[in-house]
Amino acid sequence: MLDLKYIISNLDVVKEKTKNRNYDFDFDLLISENNKRKNIINEVEKLKADRNAISKQVGILKREGKDTTELQEQVKRDASKMQELDEALSKCDENIRNMLLNLPNEIDDTTPVGKDENDNVEVRKWGEPRKFDFEPRNHWDIGADLGIIDFERGVKIAESRFNVLAGLGARLDRAISSLMLDMHREKGYIEMSVPYLVNTKAMIGTGQLPKFAEEAYICERDNLYLISTAEIPVTNLYADEILDSKDLPIYNTSLTACFRREAGSYGKDTKGLIRNHQFNKVELVKICSAETSIEEHEKLTHDAEMVLQALNLPYRVMALSSGDIGFSSAKTYDLEVWLPGQNCYREISSCSNYKDYQARRANIRYRDKDGKVKFAHTLNGSGLAVGRTLVAVLENYQNADGSVTIPEVLRPYLGGLDIIKKG
RNA sequence: GGAGAGAUGGCCGAGUAUGGUCGAAGGCGCUCGCCUGCUAAGCGAGUAUACUGGGAAACCGGUAUCGAGGGUUCGAAUCCCUCUCUCUCCGCCA
């Protein structure tokens, strides 16, 4: 949520930046609603001030044993007017809040302006894609042949876009998760184990609602949502809190399953593990002050990159353009890993600086050194998507005979195992 | 699932029976100043948030907020109703 006062006093900039997202927003309606609101406040608060003053008088007179009937009658006359105005005011407040909840974050000045993902800008590249002396295969062929990914049975017990990892597939998934969590813990992140179901308030806090209700699985009976990312529970841990500046920055990491309906992506990546309804992800979440968030964002991205480097997986870092960046984000770097089976780079992590956008929604604040209460900045990034990392390992480490070499750093997590072979 | 107790500022905690002088005692914490070889202690002062009006600003006024929402009343932290959450006991259970 952007600050309404900021929007009004920087209207041209905000309009321009919203337009750069290809996002339509009725700023005129917002402003007229706000003017209406101020007028009502003026009127109703005068009435209330009168009422309070008279009520005070009544109290004093009653104690002296004097008659107050006339004063009481006087207040009664304005009661219905006050109620009317109060109702109009709450309606106004609600309208404004809804509008603000549906206005995306202001893009950072360094976010490249562009139409869509084709305008994303490559920031850096790491590693050389391996040269194969055979035709590299897709991970779903490799996985099925090795018997470590079972696509059919996942569909049988749930529906399409669900899969089952079996044997070394499941163990490899766990090894990858553990490696990531250990690496992040060593960098100072606190590991968190959090609920996979959250309430509406949390979903609004991080920006999934009201705009993206279609993406979420709902447990209607209990009015809870399955999380689409650990960002939701971990960021909202601090909702409605005033943190001490001594406790900032907060570094958290969390492994959770993530649930996404993938509405509107029918036909996209239907094969394999790339786009599933449920996948594991290790998330990095930071809460920090406004002064440090740009630097913390760079560091967070770096921390996610280190996992790819440890696994020796080639990748590139993309700065998302204004047309591709997420609704709540001011600036986002995507990490894209090289997938030889598909001969392209694919997103494996998304690292975003939300600045105070989520903090305003979730009411996450801190007291700075002067004792002033300020909105915090929130950041998060995948470090990394576990399923997609599994994909990258299978495709990058595949051998001509269909086996897959285990990357060195994962071997301690697999009892020293160095290769997955058929049978 | 059954029975009971509770929710007050950054934190703890009084106030609720008897509605008005309660934005709310006291303590802790924090900030500033004093004092003391240093630290600790001590002394003094200050210390909620949001919205809104005026002002260049310092600041001054108004409104709202004692879990949330409604109601009674001239007036609600205090009385009534609904909901949410927390705790204790019982039952069930990984």
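Keep in mind that what you see is a predicted model, and the values were worked out from it rather than measured. Chain letters run A, B, ... following the sequence lines, proteins first, then strands; residues in each count from 1.
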Please give the nucleotide sitting opposite B:C30 as a Watson-Crick or G-U wobble pair, both distances under 3.5 Å, or none. B:G46

When you compare B:A14 with B:G42, how far apart are their C1' atoms, in angstrom units rounded to a whole number? 27 Å

From CD of A:Glu73 over to C1' of B:C74, roughly how many Å is that when rounded to an integer? 9 Å

Rounded to whole angstroms, how far apart are CG on A:Asp240 and C1' on B:G9? 15 Å

Considering only B:U49, B:G10, B:C51, which nucleotide approaches the side chain of A:Arg365 most closely? B:U49

What integer distance in Å separates A:Lys48:NZ from B:C74:C1'? 15 Å

Separation of A:Glu241 atom CD from B:G10 atom C1', in whole Å? 11 Å

Rounded to whole angstroms, how far apart are CG on A:Asp244 and C1' on B:U31? 13 Å

How are the rings of A:Phe259 and A:Tyr217 set to each other: parallel, tilted or perpendicular (split at 30° and 60°)? perpendicular

Now, which nucleotide makes the Watson-Crick or G-U wobble pair with B:C89, with each of the two distances under 3.5 Å? B:G2

Of the listed nucleotides (B:C74, B:U49, B:G53), which one gets closest to any side-chain atom of A:Val75? B:C74

5′-ward residue of the pair A:Leu71/A:Lys38 relative to RNA chain B: A:Lys38

Taking only residues two or more places apart in sequence or in another chain, which ones pass salt bridge (Lys or Arg N to Asp or Glu O under 4.0 Å) with A:Glu283? A:Lys281

Please give the nucleotide sitting opposite B:A25 as a Watson-Crick or G-U wobble pair, both distances under 3.5 Å, or none. none

Using a cutoff of under 3.5 Å, can you pull out all pairs of nitrogen or oxygen atoms linking the protein to nucleotides 65-73 of chain B, with atom names and distances?
none

Neighbours of RNA chain B within residues 51-65 of chain A, by heavy-atom distance under 4.0 Å: A:Arg51, A:Asn52, A:Ser55, A:Val58, A:Gly59, A:Lys62, A:Arg63

Looking at A:Lys5, I'd like to know whether one of its side-chain N or O atoms comes within less than 4.0 Å of OP1 or OP2 on B:U52. yes

Any strand, both distances under 3.5 Å, Watson-Crick or G-U wobble: B:G67 pairs with B:C83

According to the Watson-Crick and G-U wobble definitions, with both distances under 3.5 Å, which nucleotide is paired to B:A40? none

Rounded to whole Å, please give me the gap between NZ in A:Lys246 and C1' in B:C30. 7 Å

Nucleotide paired to B:G75 in any strand shown, Watson-Crick or G-U, under 3.5 Å: none

I need the CG-C1' distance between A:Asp247 and B:C11, as an integer number of Å. 13 Å

May I ask you to decide if the ring planes of A:His277 and A:Phe162 are parallel, tilted or perpendicular, using 30° and 60° as cut-offs? tilted

Please say whether more than 12 non-hydrogen atoms of neighbouring residues, nucleotides or ligands are located less than 6.0 Å from CD in A:Glu408. no

Between A:Tyr251 and A:Asp303, is any side-chain donor less than 3.5 angstrom from a side-chain acceptor? no

Between A:Ile8 (CD1) and B:U52 (P), how many Å, whole number? 8 Å

Between A:Arg21 and A:Ser329, the two heavy atoms sitting closest are NH2-O, 2.6 Å

Side chains of A:Asn280 and A:Ser177, donor plus acceptor under 3.5 Å: no

So with a 6.0 Å cut-off around CD of A:Glu70, is the heavy-atom count from everything else above 12? no

Hey, is CD on A:Glu159 packed in by over 12 heavy atoms from elsewhere, all under 6.0 Å? yes

With both distances under 3.5 Å as the test, what is the Watson-Crick or G-U wobble partner of B:G9? none

Does any nucleotide pair with B:U18 by Watson-Crick or G-U wobble geometry, both distances under 3.5 Å, and what is it? none

Under the side-chain contact (heavy atoms from CB on, under 4.5 Å) criterion, do A:Thr235 and A:Ile364 qualify, and how do the steps go? CA-CA 9 Å; A:Thr235 306; A:Ile364 303 171; 4.0 Å; yes

Does A:Arg77 reach a base, just sugar-phosphate, or nothing at all? Heavy atoms under 4.0 Å. nothing

